[in-house]
Student: 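Okay, handing you the structure first.
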Amino acid sequence: MKKIFYFLFLSIFVNLAAYGQQDPQFSFNRETQLTVNPGFAGSNDAITGLILNRYQWSGFDGAPKTLLFSVETTANIFGGTSGVGLNIISDELGFSKNTLVNLNYAYHMTTSIGDLGIGSSFGVFNKSINGEWITVGQDGITGNGSGDRWIPQSEVSQLTFDAGLGLYLKSNDYFAAFSVTHINQGEITYGDGGEYFPLIRSFYFSGGYNITLSNPLFELRPAVFAKSDLASTQVDFTVDLVYKERFKGGLSYRLDDAIAILIGVEMRSGLNIGLAYDITTSALGRYGYGTQEVFLRYAVDFGKSRLKKYKSIRFL
């Protein structure tokens, strides 16, 4: 167990020290497009609310835990059809906790190849670090890193402004998206000596296609989701099999990291439920800890005369 905790600490510390990718990752990356792409806002033509929990490497003390709440809808702004959205994300990783709150706006336009959303996001990013954390070394508990000026000796919490841009294109048969998060690369200053934690600009690309099978009740939906901060890149390949546009089962492969099993269902009430389990394929997988993810999503459409239940579009 001592080696396990030591390995986890090293993983956390190296990622923080190297300023690696800072946005949380999700196996249901279609559902969480708004978190990285403001162009997605309003693309569902409904008021859509999403709550998602992700527990990564369950069983480790200090393992990543992510809670997401988002809501988005269409709106008539600036004389045209637009989309607006809100993200609230809490992401805990060992002694560090990141909180992001942002507002999203997307201008919608119809093109010859589909409906295009051009979006921007503005908000605040808060980073808090608990300087009283302890590490586990070869000889057991060794303390909290006293004397290292890069490690606060007490709990600190700071805010910085954050902005992003995104494009989201969709039609009945496919979608494609490109976005940039932390475009302004805000900085968190947390020490008297000028120590800081920069937000690294990250780039996202995703795309998918609907393939109707010989039995029209079934659809195959392959998709790709890639992210990069130009220092490291991660790519997810996903294939979903959908029945009657209500029941979904799929597999996802994250390069050099994990294989995910995904299931989802739309209840007759219009509530969508999804569960994912990641099987770690990296070196950490030898300890047998997986990752669980669950979401609840509900959407309603404002008709001309009454509020009515919304049935999900082709992309769950």
Student: Between Thr48 and Arg297, does the side-chain contact (heavy atoms from CB on, under 4.5 Å) criterion hold? Intermediate values first, please.
Tutor: CA-CA 7 Å; Thr48 305; Arg297 192 194 73 171; 3.7 Å; yes
Student: If you look at every heavy atom in Ala106 and Ala41, which pair is closest and at what distance?
Tutor: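 Heavy atoms of Ala106 and Ala41 come nearest at CB-O, 3.7 Å.
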Student: Does the side chain of Glu293 reach to within under 4.5 Å of the side chain of Phe26, using non-hydrogen atoms?
Tutor: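 Result yes, sub-4.5 Å side-chain heavy-atom pair found.
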Student: Where is the tightest heavy-atom contact between Gly123 and Phe161, given as atom of each residue plus distance?
Tutor: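 Residues Gly123 and Phe161, closest heavy atoms: O-CD1, 3.4 Å.
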Student: Rounded to the nearest 0.5 Å, what separation is found between the CG atom of Asn215 and the CD atom of Glu219?
Tutor: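 So the gap between those two atoms works out to 11.0 Å.
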Student: Are the side chains of Ser43 and Asp115 in contact, using a 4.5 Å heavy-atom criterion?
Tutor: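 Result no, sub-4.5 Å side-chain heavy-atom pair not found.
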Student: Begin from the C-alpha positions of Leu251 and Ile261 and carry the test side-chain contact (heavy atoms from CB on, under 4.5 Å) through to its verdict.
Tutor: CA-CA 5 Å; Leu251 289 175; Ile261 302 169; 3.9 Å; yes
Student: Give, for atom CD1 of Ile259 and atom CD1 of Ile279, the distance between the pair rounded to the nearest 0.5 Å.
Tutor: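 Interatomic distance, Ile259 CD1 to Ile279 CD1, rounded to 0.5 Å: 6.5 Å.
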Student: Here's a test for you: under side chain to side chain contact (heavy atoms under 4.5 Å, CB included), which of Asp229, Asp23, Thr160, Ile200 qualifies with His182?
Tutor: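 With His182 as partner, side chain to side chain contact (heavy atoms under 4.5 Å, CB included) holds for just one option, Asp23.
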Student: Considering all heavy atoms of both residues, which atom of Glu72 and which atom of Asn44 are nearest to each other, and what is their separation?
Tutor: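 Nearest heavy atoms, Glu72 then Asn44: OE2-ND2, 2.9 Å.
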Student: Keeping the roles fixed (side chain from Thr73, backbone from Gly42), state whether a donor-acceptor pair exists under 3.5 Å.
Tutor: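 Not a single qualifying donor-acceptor pair exists.
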Student: With a 4.5 Å heavy-atom cut-off, do Val36 and Asn29 have their side chains touching?
Tutor: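 The answer is no, as the side chains (C-beta and beyond) never meet within the 4.5 Å cut-off.
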Student: With a 4.5 Å heavy-atom cut-off, do Leu34 and Leu50 have their side chains touching?
Tutor: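 Not in contact.
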Student: If you group Ile, Leu, Val, Met, Phe, Trp and Tyr by side-chain heavy-atom gaps below 4.5 Å, do Phe69 and Leu271 land in one group?
Tutor: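 The answer is yes; both residues are in one hydrophobic cluster.
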Student: Measuring from Leu93:CG to Lys65:NZ, what's the distance to the nearest 0.5 Å?
Tutor: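 Reported value, rounded in 0.5 Å steps: 11.0 Å.
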Student: List the atom of Lys227, the atom of Pro24, and the distance in Å for their closest heavy-atom pair.
Tutor: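 Between these two residues, the closest heavy atoms are NZ-O, 4.4 Å.
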Student: If you measure from CE on Met267 to CG on Asn272, what distance do you get to the nearest 0.5 Å?
Tutor: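 Between Met267 CE and Asn272 CG, I get 10.0 Å after rounding to 0.5 Å.
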Student: With side-chain contact (heavy atoms from CB on, under 4.5 Å) as the criterion, how do Val224 and Val235 come out once you've worked through the C-alpha distance, each side chain's angles and the decisive distance to 0.1 Å?
Tutor: CA-CA 7 Å; Val224 61; Val235 183; 3.8 Å; yes
Student: Yes or no on side-chain contact (heavy atoms from CB on, under 4.5 Å) for Leu296 and Ile273, after CA distance, side-chain angles and deciding distance?
Tutor: CA-CA 5 Å; Leu296 298 175; Ile273 302 173; 3.6 Å; yes
Student: Checking Ser157 against Ser128: is there a side-chain donor and acceptor pair closer than 3.5 Å?
Tutor: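 No.
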Student: Hey, any chance Ile89 and Ile183 share a hydrophobic cluster, counting ILVMFWY side chains that come within less than 4.5 Å of each other, even indirectly?
Tutor: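 Result: no, two separate clusters.
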Student: Below 4.5 Å, heavy atoms only, C-beta onward: do Leu169 and Ile113 meet side chain to side chain?
Tutor: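 In short, these two side chains touch, coming nearer than 4.5 Å.
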Student: Taking OH in Tyr55 as the centre, count heavy atoms belonging to other residues, nucleotides or ligands within less than 6.0 Å. Is the count above 12?
Tutor: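 Not more than 12 within 6.0 Å, no.
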Student: Is any side-chain heavy atom of Gln56 less than 4.5 Å from a side-chain heavy atom of Asp278?
Tutor: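 Answer no - side chains too far apart.
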Student: How many angstroms lie between atom OG1 of Thr35 and atom OH of Tyr204, to the nearest 0.5 angstrom?
Tutor: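 Thr35 atom OG1 to Tyr204 atom OH measures 7.0 Å (nearest 0.5 Å).
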Student: What class does the angle between the rings of Phe218 and Tyr243 fall in, given that below 30° is parallel, 30 to 60° is tilted and above 60° is perpendicular?
Tutor: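 Because their plane-to-plane angle lies in the 30° to 60° range, the rings of Phe218 and Tyr243 count as tilted.
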Student: Using a 4.5 Å cut-off on heavy atoms from C-beta on, say whether the side chain of Val124 contacts that of Asn126.
Tutor: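 Heavy-atom side-chain distance check fails, nothing below 4.5 Å.
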Student: Under a 3.5 Å distance rule, please check whether Thr281 uses its side chain to pair with a backbone N or O of Asp257 as donor and acceptor.
Tutor: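 Answer holds: yes.
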Student: Taking Ser269's backbone N and O only, do any of them form a donor-acceptor pair with Tyr298's side chain (distance below 3.5 Å, no angle check)?
Tutor: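 The answer is yes, because a donor-acceptor pair under 3.5 Å joins these two groups.
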Student: Can you see which heavy atom on Phe122 is nearest to which on Ala163, and at what distance?
Tutor: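 Minimum heavy-atom contact is CD2-CB, 4.1 Å.
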Student: If you round to the nearest 0.5 Å, how far is NZ of Lys170 from NE2 of His108?
Tutor: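 One gets 8.5 Å once the value is rounded to the nearest 0.5 Å.
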Student: Under a 4.5 Å side-chain heavy-atom rule over Ile, Leu, Val, Met, Phe, Trp and Tyr, are Leu165 and Tyr168 clustered together?
Tutor: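 No; Tyr168 is not reachable from Leu165 via cluster members.
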Student: Flag yes if Leu241 and Ile263 sit in one hydrophobic cluster, no otherwise; membership is Ile, Leu, Val, Met, Phe, Trp, Tyr, and two members link when side-chain heavy atoms are under 4.5 Å apart.
Tutor: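 Each belongs to a different hydrophobic cluster.
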Student: Could you check if a side-chain atom of Asn172 sits within less than 4.5 angstrom of a side-chain atom of Asn210, using non-hydrogen atoms only?
Tutor: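 They are not in contact (no side-chain heavy atoms under 4.5 Å apart), so the answer is no.
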Student: If you count heavy atoms of other groups shown closer than 6.0 angstrom to OH of Tyr107, is the number above 12?
Tutor: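 Not buried by this count: 12 neighbours or fewer within 6.0 Å.
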Student: Over all heavy atoms of both residues, which pair between Asn37 and Gly39 is shortest? Give the atoms and the distance, please.
Tutor: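 In this case the closest contact between Asn37 and Gly39 is OD1-N, 2.9 Å.
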Student: Does Gln25 offer a backbone N or O that forms a donor-acceptor pair with the side chain of Arg54 under 3.5 Å?
Tutor: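 Such a contact is found between Arg54 side chain and Gln25 backbone.
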Student: Going by an N to O cut-off under 4.0 Å, is there a salt bridge joining Arg254 and Asp236?
Tutor: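 Looking at Arg254 and Asp236, the cut-off is met.
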Student: Under a 3.5 Å distance rule, please check whether Asp173 uses its side chain to pair with a backbone N or O of Tyr209 as donor and acceptor.
Tutor: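 The answer is no, because no donor-acceptor pair under 3.5 Å joins these two groups.
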Student: Do we see a donor-acceptor contact under 3.5 Å between the side chains of Ser82 and Tyr105?
Tutor: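 A pair is found: one side chain offers a donor N or O, the other an acceptor, under 3.5 Å apart.
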Student: I'd like to know if the side chain of Asp91 pairs up with that of Thr66 as donor and acceptor (distance under 3.5 Å, no hydrogens or angles considered).
Tutor: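 Judged by distance alone, the side chains do pair up.
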Student: Between Phe225 and Phe28, is there shared hydrophobic-cluster membership here, with clusters defined by ILVMFWY side-chain heavy atoms closer than 4.5 Å?
Tutor: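 As far as the 4.5 Å side-chain criterion goes, Phe28 and Phe225 are not connected within one cluster.
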